[in-house]
K.L.:
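Quick one: structure below, then a few questions.
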Amino acid sequence: MTNADIVDILEQTTKLLELHNDDPFKIRSYQSTAFNLDKLTEDITELPATELVKLPGIGKSMANKIREIIDTGHLNELDTLLSQTPEGVLDMFRIKGIGPKKIRTIWHELGIENLRDLQLACENGQIATLKGFGASTQEKILSSLEFLQSQSGKIRMDKADALAGVLRDAIAPQVDRVEISGQVRRKAQEVDTIQLLIGTSQLRATMNALNTIPFLHQHAAESSPFAWRGSMDGTEVAIELLLYPANQLDRQLFIHTAAEAHLKQAGQAGQTLLQAAMSGDDTTETAIYDRAGLPYIVPEMREDAFAFRWSAYHQADELVTWDDLRGTLHNHSTWSDGKHTLGQMADATRELGLSYFGIADHSQTAAYANGLKPQQVREQHADIDRLNEQYGPDFQILKGIESDILGDGSLDYETDTLALFDYVVASVHQNLNMAIDKATARLIKAIENPYTTILGHPTGRLLLARAGYPIDHKAVIDACAAHHVIIEINASPYRLDIDWRWIDYAMQQGVMLSINPDAHSTTGLLDMHYGIAIGRKGGLTRKMTFNALTLPEMKAWLADRKQRKGIELPANSR
DNA sequence: GCCGTTTTCGGCCCGACTGTTTTCAGTCG
């Protein structure tokens with residue numbers, strides 16, 4: 001039981017209390033307790049009820065509930081609420097654009113208790129007739145349902161990575177060799193099958209051993225003597241474990257890592273990669289590409305023919321790696337909605353061996369996230385100056401902000417405040433369902449703003465949960481090129497935005513990309529690993545990676561850009 | 001459910017935006 005588990009249970013209780021029309025102020029109390037616990041860095045599970053009541057917004061009752069969760073793993077109240085709610089109604093919470101109140105209306109007014117019936121009710125126009133609903137809401141529900149259907153059975157790369165690791169560790173003691181292959185090895189941002197290859201000469205014994213692993217459940221109908229297929233506790237994703245003789249494993253690892261479209265590629269030798277993998281004795285991956293007469297492609301890029309178009313003017317060793325990173329630019333602290341202080345975040349960054357920590361807390365419009373008012377910006381900068389004096393020249397905190405892009409494309413500070421920052425990450429956080437023309441124009445206006453340095457998470461998508469607003473990617477990237485704006489690869493595994501398929505186009509237009517963790521805690525900094533993986537998949541070179549610039553290079557770049565944009569540097573600037 | 005008393009009740013309350021209204025409830029980040 002961790003802080004996050006407790007927060008999850010409280011948040012779910014909040015939603016269900018709202019669904020069941022409980023007292024709004026009681027609900028608020030649960031909500032704020034969850035909110036406050038989420039920000040806590042100390043381990044709540046160690047605190048007795050007498051200590052819990054000292055936390056803001058937590059009284060005797062909430063303290064006891066928190067202890068109940070810690071001690072039993074359950075909250076009685078939540079279990080009761082769950083027992084009173086059909087599972088299909090719970091599923092409705094995944095639909096974007098409707099919340100507890102509207103779900104309650106759908107459930108109680110129309111008696112709808114599952115997503116299928118909800119879809120039918122949308123299709124025959126029933127939803128639009130409900131009080132508080134209209135044709136637009138009905139349309140939104142329908143498109144959200146379609147999106148959810150298209151995403152079912154998939155999980156994000158971070159979860160897939162972790163599950164594949166658990167599987168490998170459970171299988172390893174039982175077999176000669178086990179390797180993670182497929183989408184996970186290819187660093188796909190979404191995974192529908194976790195695949196591992198097992199090297200063994202004892203088919204039946206290995207199958208039996210696999211079936212002794214308690215959290216695995218074989219689906220016999222889909223399996224064969226050479227392939228274990230089934231599921232794993234705690235996830236809907238498919239599990240596939242393929243058995244091969246040990247001497248075939250390298251060859252098969254190559255074949256099962258690459259997507260089919262990649263294997264079909266043929267090189268000068270006239271062989272496809274698949275043919276090259278199946279023939280010949282040397283089964284190292286470089287040898288297979290050699291035999292096919294094709295350049296070596298890293299596992300991340302083995303999706304389709306793009307990798308070979310890319311190799312026409314790049315080498316694999318130009319791809320960015322973690323070791324190329326010199327700093328990090330999009331991060332939050334306790335000044336807005338982060339968990340750790342500015343000093344803790346900067347220290348953690350320095351411990352990673354990086355030489356600059358860019359703070360980009362939320363701006364004033366983001367009231368929900370404690371966005372900084374102009375006065376607080378000045379106070380934070382005084383804090384940074386103080387810390388920077390302690391750090392000395394080899395490590396520095398850079399003064400950034402994540403400024404909200406308002407509905408009309410303007411940034412949410414006056415220019416006298418914007419001029420105080422070393423750089424500005426401009427991001428959309430509200431008004432997320434614009435049509436493509438309006439959304440594109442909005443972003444371009446923000447890009448044209450001389451204070452915008454980096455365009456943050458360009459589409460606002462949340463993988464598997466929200467499609468994001470549609471934008472004309474080429475127009476946005478071209479605008480970034482024209483105005484010397486960097487594009488963020490938001491490295492949070494929930495976002496991975498801009499999509500990797502646009503990285504090469506951006507590079508071709510001369511637009512640099514910044515691998516930004518959007519870290520809200522010290523561990524969040526490590527999300528840059530996902531950004532690296534997805535950047536490499538898109539062909540991102542170290543040369544075009546903005547935060548691969550050294551500290552002196554970064555400072556010079558930012559100062560030079562300000563000068564070119566005619567922005568007056570503050571009097572006390574370095 | 002929490003909080004703070006002019007102390008055991010009554011007030012509490014992110015703000016922008018949308019879509020639904022015809023003044024505002026619901027949702028979102």
Side-chain angles (χ1 to χ4, degrees), chain A residues 10-11 13-39 49 52-66 68 75 77-78 92-106 109 127-141 144 332 336-338 361-373 376 402-412 427-435 438-439 442 456-457 459-462 465-469 490 492 494-495 497 518 520:
Chain A
L10 290 174
E11 280 176 346
T13 310
T14 306
K15 283 197 304 194
L16 288 184
L17 285 171
E18 234 175 322
L19 177 72
H20 288 273
N21 219 8
D22 213 311
D23 172 33
F25 290 110
K26 177 179 163 185
I27 294 166
R28 182 177 297 283
S29 187
Y30 275 79
Q31 203 164 30
S32 72
T33 301
F35 184 76
N36 286 319
L37 290 186
D38 192 36
K39 284 199 300 190
L52 287 168
V53 292
K54 292 180 186 165
L55 297 167
I58 296 176
K60 214 171 133 189
S61 169
M62 287 306 302
N64 284 331
K65 287 178 202 295
I66 294 168
E68 182 191 343
L75 182 61
E77 191 168 6
L78 175 60
M92 294 181 200
F93 280 100
R94 288 158 58 211
I95 299 169
K96 294 287 168 183
I98 60 171
K101 296 285 170 59
K102 285 207 155 67
I103 294 173
R104 180 179 170 81
T105 306
I106 292 167
E109 298 294 318
I127 294 296
T129 65
L130 288 170
K131 190 174 162 60
F133 291 64
S136 166
T137 303
Q138 181 171 270
E139 193 47 47
K140 207 152 67 176
I141 294 173
S144 184
H332 299 268
S336 66
D337 63 348
D361 269 316
H362 285 285
S363 57
Q364 55 185 343
T365 309
Y368 64 93
N370 234 343
L372 274 59
K373 302 271 182 235
Q376 293 172 297
E402 182 177 23
S403 181
D404 273 19
I405 300 174
L406 302 178
D408 66 356
S410 56
L411 300 182
D412 72 334
S427 308
V428 168
H429 284 118
Q430 64 266 151
N431 204 345
L432 293 162
N433 37 21
M434 281 188 176
K438 230 177 144 187
R442 178 191 197 184
H457 45 70
T459 73
R461 76 176 179 189
L462 293 177
R466 182 175 73 205
Y469 41 86
N490 190 294
S492 162
Y494 288 82
R495 293 187 182 271
D497 181 17
D518 203 350
H520 285 72

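Letters A, B, ... mirror the listed sequences (proteins, then strands); counts begin at 1.
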K.L.:
Which whole number of Å gives the distance between the C1' atom of B/dT5 and that of B/dG11?
P.N.:
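Straight-line distance between the two C1' atoms is 11 Å.
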K.L.:
Across the strands shown, which category fits A/Leu406 at heavy-atom distances under 4.0 angstrom: base, sugar-phosphate, nothing?
P.N.:
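Nothing, no nucleic acid heavy atom in range.
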K.L.:
Rounding to a whole Å, what distance do you find between A/Phe93:CZ and B/dG26:P?
P.N.:
13 Å
K.L.:
Between A/Gly132 and A/Ala366, name the one whose nearest nucleotide on DNA chain B is closer to the 5' end.
P.N.:
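Nearest nucleotide further toward 5': that of A/Gly132.
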K.L.:
For B/dG1, does either OP1 or OP2 sit under 4.0 Å from a side-chain N or O belonging to A/Lys65?
P.N.:
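Indeed, a polar side-chain atom of A/Lys65 lies that close.
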K.L.:
Distance check needed: B/dC17 P versus A/Lys140 NZ, whole Å only.
P.N.:
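Between P of B/dC17 and NZ of A/Lys140: 15 Å.
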K.L.:
For A/Asp38, enumerate each residue passing the side-chain contact (heavy atoms from CB on, under 4.5 Å) test, keeping only those at least two apart in sequence or located in another chain.
P.N.:
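Per chain and number, A/Asp38 pairs via side-chain contact (heavy atoms from CB on, under 4.5 Å) with A/Val7, A/Lys339.
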K.L.:
For atom P, what is the distance between B/dT21 and B/dG26, given to the nearest Å?
P.N.:
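Their P atoms lie roughly 12 Å apart.
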K.L.:
Please give the distance between the C1' atoms of B/dT18 and B/dT23 as a whole number of Å.
P.N.:
14 Å
K.L.:
Which whole-number value in Å describes the distance from A/Phe133 CZ to B/dT21 P?
P.N.:
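Taking CZ of A/Phe133 and P of B/dT21, I get 11 Å after rounding.
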K.L.:
Which of these nucleotides, B/dA16, B/dG1, B/dG15, is closest to any side-chain atom of A/Ala367?
P.N.:
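Taking heavy atoms from C-beta onward, the closest nucleotide is B/dG15.
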K.L.:
Rounding to the closest angstrom, what is the interatomic distance between B/dC13 and B/dG4 at atom P?
P.N.:
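About 11 Å, rounded to a whole number of Å.
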K.L.:
Roughly, in whole Å, what's the span from CG in A/Asn36 to P in B/dC12?
P.N.:
19 Å
K.L.:
Any luck finding a side-chain donor-acceptor pair between A/Ser427 and A/Glu402 under 3.5 Å?
P.N.:
yes
K.L.:
When the P atoms of B/dG10 and B/dC14 are considered, how many whole Å apart are they?
P.N.:
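Going atom to atom, P in each nucleotide, I get 22 Å.
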K.L.:
What does A/Ala63 touch in the nucleic acid at a heavy-atom separation under 4.0 angstrom: a base, only the sugar-phosphate, or nothing?
P.N.:
nothing
K.L.:
Tell me what A/Pro100 touches on the nucleic acid: a base, only sugar-phosphate, or nothing, going by heavy atoms under 4.0 Å.
P.N.:
sugar-phosphate
K.L.:
Show the numbers, then the answer: is there a side-chain contact (heavy atoms from CB on, under 4.5 Å) between A/Lys39 and A/Asp337?
P.N.:
CA-CA 8 Å; A/Lys39 284 199 300 190; A/Asp337 63 348; 5.7 Å; no
K.L.:
Which whole-number value in Å describes the distance from A/Asn431 CG to B/dC28 P?
P.N.:
14 Å
K.L.:
Looking only at the side chain of A/Thr137 (C-beta and beyond, no hydrogens), which of the listed nucleotides B/dG1, B/dT27, B/dT20 gets closest?
P.N.:
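Closest nucleotide among those given: B/dT20.
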K.L.:
Among A/Lys15, A/Glu77, A/Glu11, which residue satisfies the side-chain hydrogen bond (donor to acceptor under 3.5 Å, both in side chains) criterion with A/Tyr30?
P.N.:
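Single pass found, and it is A/Glu77.
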K.L.:
To the nearest Å, how far apart are A/Asn433 CG and B/dG26 C1'?
P.N.:
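Distance, rounded to whole Å: 13 Å.
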K.L.:
Both distances below 3.5 Å, Watson-Crick or wobble geometry, any strand: find the nucleotide opposite B/dG19.
P.N.:
B/dC24
K.L.:
Starting from the 5' end of DNA chain B, give me the residue, A/Gly97 or A/Lys131, whose nearest nucleotide shows up first.
P.N.:
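The residue mapped nearer the 5' terminus is A/Lys131.
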K.L.:
Without decimals, in angstroms, what is the distance between A/Asp23 CG and B/dG10 P?
P.N.:
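Interatomic distance, CG of A/Asp23 to P of B/dG10: 14 Å.
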K.L.:
Using every non-hydrogen atom in the two residues, find where A/Asp361 and A/Ser336 come nearest and quote the distance to one decimal.
P.N.:
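Distance-wise, the nearest heavy atoms are OD1-OG, 2.6 Å.
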K.L.:
Picking from B/dG26, B/dG1, B/dC17, which would you name as closest to the side chain of A/Gln430?
P.N.:
B/dC17
K.L.:
Of the nucleotides B/dG1, B/dC14, B/dG26, which has the atom closest to the A/Lys102 side chain?
P.N.:
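Ranking B/dG1, B/dC14, B/dG26 by closest atom to the A/Lys102 side chain puts B/dG26 first.
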K.L.:
A/Met62 has a side chain; which of B/dG15, B/dT27, B/dC2 sits nearest to it?
P.N.:
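Of all the options, the side chain of A/Met62 is nearest to B/dC2.
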K.L.:
In whole angstrom, give the distance that lies between atom CG of A/Leu462 and atom P of B/dC28.
P.N.:
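Nearest whole value for this atom pair: 11 Å.
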K.L.:
Please tell me whether A/Ser492 and A/Asp518 have a donor and an acceptor in their side chains that are separated by less than 3.5 angstrom.
P.N.:
no
K.L.:
May I ask you to verify if any side-chain N or O of A/Arg104 is less than 4.0 angstrom from the OP1 or OP2 atom of B/dG26?
P.N.:
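Answer is no, no contact under 4.0 Å.
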K.L.:
Nearest to the side chain of A/Lys96, heavy atoms from C-beta on, is which of B/dC28, B/dG1, B/dT20?
P.N.:
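Output: B/dC28.
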K.L.:
Could you tell me how far B/dT6 sits from B/dG19 if I compare only their P atoms? Round to whole Å.
P.N.:
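These two P atoms come out 46 Å apart once rounded.
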K.L.:
Can you tell me, in whole Å, how much space there is between the C1' of B/dT20 and that of B/dC24?
P.N.:
9 Å
K.L.:
Could you give the distance separating B/dT8 and B/dC3 at their C1' atoms, to the nearest angstrom?
P.N.:
12 Å
K.L.:
Parallel, tilted or perpendicular: which one describes the rings of A/His332 and A/His362, with boundaries at 30° and 60°?
P.N.:
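Parallel.
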K.L.:
For A/Phe25 and B/dC12, do the ring centres fall under 5.5 Å apart while the planes stay under 30° apart?
P.N.:
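Answer is yes, a stack.
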K.L.:
Measuring from the side chain of A/Leu432 (C-beta onward, heavy atoms only), which nucleotide among B/dG26, B/dC14, B/dC28 has the closest atom?
P.N.:
B/dC28
